[in-house]
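Reviewing the structure listed below.
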Amino acid sequence: MKGGDEEVAAPAGPPQPLDWKFSQVFGERTAGEEIQEVDIISAIEFDKTGDHLATGDRGGRVVLFERTDAKDRGLSRRDLERTDYPISRHPEFRYKTEFQSHEPEFDYLKSLEIEEKINKIRWCQTANSALFLLSANDKTIKFWKVQEKKIKKISKIIADPSKAVGNGNVASSSNSNSPKSFLANGVSPDRSCNHLGNDISFPPGGLPSLCLPVVVTSQETNLVARCRRVYGHAHDYHINSISNNSDGETFISADDLRINLWNLEISNQSFNIVDLKPANMEDLTEVITSAEFHPAHCNMLAYSSSKGSIRLIDLRQSALCDSHAKLFEEPEAPGSRSFFTEIIASISDIKFAKDGRYILSRDYMTLKLWDINMDSGPVATFQVHEYLRPKLCDLYENDSIFDKFECCLSGDGLRVATGSYSNLFRVFGCAPGSTETTTLEASKNPMRTQVQSPSRPSRSLNSITRVVRRETLGVDANGNSLDFTTKLLHLAWHPTENLIACVAANSLYMYYA
């Protein structure tokens, strides 16, 4: 109490955990259905408004979805104010269109096949109701414009026999004795128009009239995707990241050793701003794994490395940003180093928070949240699947330890999410004092028992054969078997709503809270 009757407001605690529910699924496969390799989704991205969602697959296709509930059921502002029921619902999407973005190619100079798989998709600023986006495979980036075009139809055909042109008479008149005029190049004008060839003869009375179609523009529209520009021949290694600048004019593309800066309007020239390639490749100690522009400051970008570090660079310092403005890395605990230490420390994805204050990074075992004003260490660390640590040798033998999981943040910055095995994904609360940890499965029944601390002793690596070890590799902390062939690598959080879109092979699942 204060001042007699005034009450002191209690300090606000962490937000309550969200109750996630299934919303939609696109491309759900039936039991026993065989998945085609080209149909597996390899990239996913919401636009800044959240009204559109794009996915890319291993077949080089880009599929667009649009939000349907955002149109408020076609009611005006005044009608919305008069309604007695809440008009807001969870976001719902529908299929909009798709197009073939990339085709398989072959680099004859390097004898290298370039697959059509879409690695990254990024939305650009919209203009005149048209959608713009960038899509990239291993070597080439394309700038696409998707716009509604009115369909042109043939309404009628003019065919009036009374207006027949006497083509035969015209042809025969060329044999008259009248003097012929010649063009500047010496060609007779009547020969260029009327003499079609010595073997063509016209019937007496000439030919019937031409049938001319009348084309009219209908009110029906059709979505047309057109490639505006192709940005190629700038990367010797596979492209792992593309990111738009907040200035709306430039973007970056990153491969293992270099980051290039492009102007959207110029496709035949880029500027190399980061180059990690040593004079002797034997001296190479780390590679670039992900890169992203700051959401507000057009001069700042961050990139992560295979050593588990994140570098923040300022483009104003120099043309070639060999030196970084800040370095974020967690010091290694003494006595904890092993053969797998550097492998699991490699960062597979980084994302800026919406306000640009925090960076979220995902390595093989954890999610880490970094404050860009504090480079001494992460402000929060979330264990994604700590129960796999005793099985790192098995994961190394079947290459699962090299899987690259993506991560995402909610629009309000209060939660983070990432994927795991058996088509599971995990949501963590990152607000001060929050203990929210939710494990969901990419299915119509997403709720699963949350992962606890390991309670089962690890089995000896020599107790089973390698073949059996690959098939029945793991169990989670609750004894549930884990399928390492089904992994949830790609997911995205809606920019303004608590909606997560995630990918399980060729299926797109959406969940809301």
Side-chain angles (χ1 to χ4, degrees), residues 24-47 52-66 93-108 110-124 131-147 222-233 235 237-242 253-255 348-349 399-400 402-406 419 423 442 483 485-492 501-510:
Q24 290 175 280
V25 59
F26 296 93
E28 184 183 23
R29 68 179 187 271
T30 58
E33 180 185 355
E34 185 178 352
I35 304 174
Q36 299 296 322
E37 181 79 11
V38 294
D39 294 331
I40 295 177
I41 300 174
S42 55
I44 183 171
E45 181 83 0
F46 280 105
D47 70 347
H52 294 91
L53 173 69
T55 64
D57 61 26
R58 295 188 182 182
R61 296 181 299 264
V62 172
V63 183
L64 304 185
F65 301 88
E66 65 177 350
F93 287 78
R94 69 181 177 191
Y95 170 86
K96 186 178 180 73
T97 187
E98 67 180 271
F99 56 90
Q100 188 70 33
S101 173
H102 289 72
E103 300 281 356
E105 300 175 37
F106 190 82
D107 188 337
Y108 293 97
K110 298 182 179 180
S111 296
L112 180 69
E113 289 186 8
I114 304 173
E115 61 180 354
E116 63 271 32
K117 171 192 165 190
I118 304 296
N119 290 339
K120 293 291 179 182
I121 295 176
R122 290 292 180 266
W123 290 91
C124 303
L131 302 175
F132 296 90
L133 51 90
L134 292 165
S135 62
N137 68 350
D138 286 340
K139 296 292 184 182
T140 307
I141 306 162
K142 294 186 178 182
F143 183 48
W144 290 92
K145 177 182 181 181
V146 182
Q147 190 175 27
N222 186 27
L223 280 167
V224 177
R226 188 163 61 92
C227 183
R228 296 287 302 273
R229 287 175 192 86
V230 178
Y231 312 92
H233 312 294
H235 287 279
Y237 304 92
H238 291 177
I239 297 172
N240 57 45
S241 302
I242 54 175
S253 59
D255 63 20
S348 56
D349 189 28
D399 290 339
S400 294
F402 301 106
D403 289 333
K404 300 183 183 303
F405 293 94
E406 294 180 359
N423 285 340
D483 183 1
T485 62
T486 57
K487 56 197 79 171
L488 200 151
L489 301 176
H490 313 286
L491 76 171
C502 57
V503 171
N506 64 333
S507 302
L508 173 65
Y509 289 90
M510 296 188 186

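In what follows, every heavy atom counts, from backbone to side chain, and hydrogens, waters and symmetry copies are set aside.
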- Could you tell me which non-hydrogen atom of Ala136 sits nearest to which non-hydrogen atom of Ile141, and how far apart they are? CB-CG1, 3.9 Å
- Query: Between the side chain of His238 and the main-chain N/O of Asp255, is any donor-acceptor distance below 3.5 Å?
  - Reply: no
- Message: Quick one: does any side-chain atom of Gln100 pair with a main-chain N or O of Gly59 as donor and acceptor, under 3.5 Å?
- Response: yes
- Task: Determine, for Lys117 against Asp57, whether the closest basic-nitrogen to carboxylate-oxygen distance falls under 4.0 angstrom.
- Result: no
- Report the C-alpha distance between Asp107 and Lys139 in whole Å, list the side-chain angles of each, state the deciding distance to 0.1 Å, and finish with yes or no for salt bridge (charged side-chain N to carboxylate O under 4.0 Å, His left out). CA-CA 10 Å; Asp107 188 337; Lys139 296 292 184 182; over 6 Å; no
- Message: Has Asp47 got a side-chain atom pairing as donor or acceptor with His52's backbone, closer than 3.5 angstrom?
- Response: yes
- Message: Please determine whether a side-chain nitrogen of the Lys or Arg among Glu406 and Lys120 lies less than 4.0 Å from a carboxylate oxygen of the Asp or Glu.
- Response: yes
- Take the angle between the ring planes of Phe132 and Phe143 and call it parallel below 30°, perpendicular above 60°, tilted in between. parallel
- Message: Could you check whether any side-chain N or O of Thr97 sits under 3.5 Å from a backbone N or O of Leu223, counting only pairs where one atom can act as donor and the other as acceptor?
- Response: no
- Task: Answer yes or no: are there more than 12 heavy-atom neighbours, outside Tyr108 itself, under 6.0 Å from its atom OH?
- Result: no
- Item | Non-hydrogen side-chain atoms of Leu64 and Thr55 separated by less than 4.5 Å | no
- Item | Taking every non-hydrogen atom, the tightest pair across Ala442 and Ala504 | CB-CB, 4.0 Å
- Query: Has the side chain of Gln24 got a donor or acceptor atom that lies under 3.5 Å from a matching backbone atom of Phe93?
  - Reply: yes
- Lys/Arg N to Asp/Glu carboxylate O, Arg58 vs Glu116, below 4.0 Å: no
- Task: Please confirm whether the backbone N or O of Glu45 pairs with a side-chain atom of Trp123, one donor and one acceptor, at under 3.5 Å?
- Result: yes
- Item | From CG (Asn137) to CD (Glu105), nearest 0.5 Å | 6.5 Å
- Query: Is a side-chain N or O of Lys142 found less than 3.5 angstrom from the main chain of Ser101, in a donor-acceptor match?
  - Reply: yes
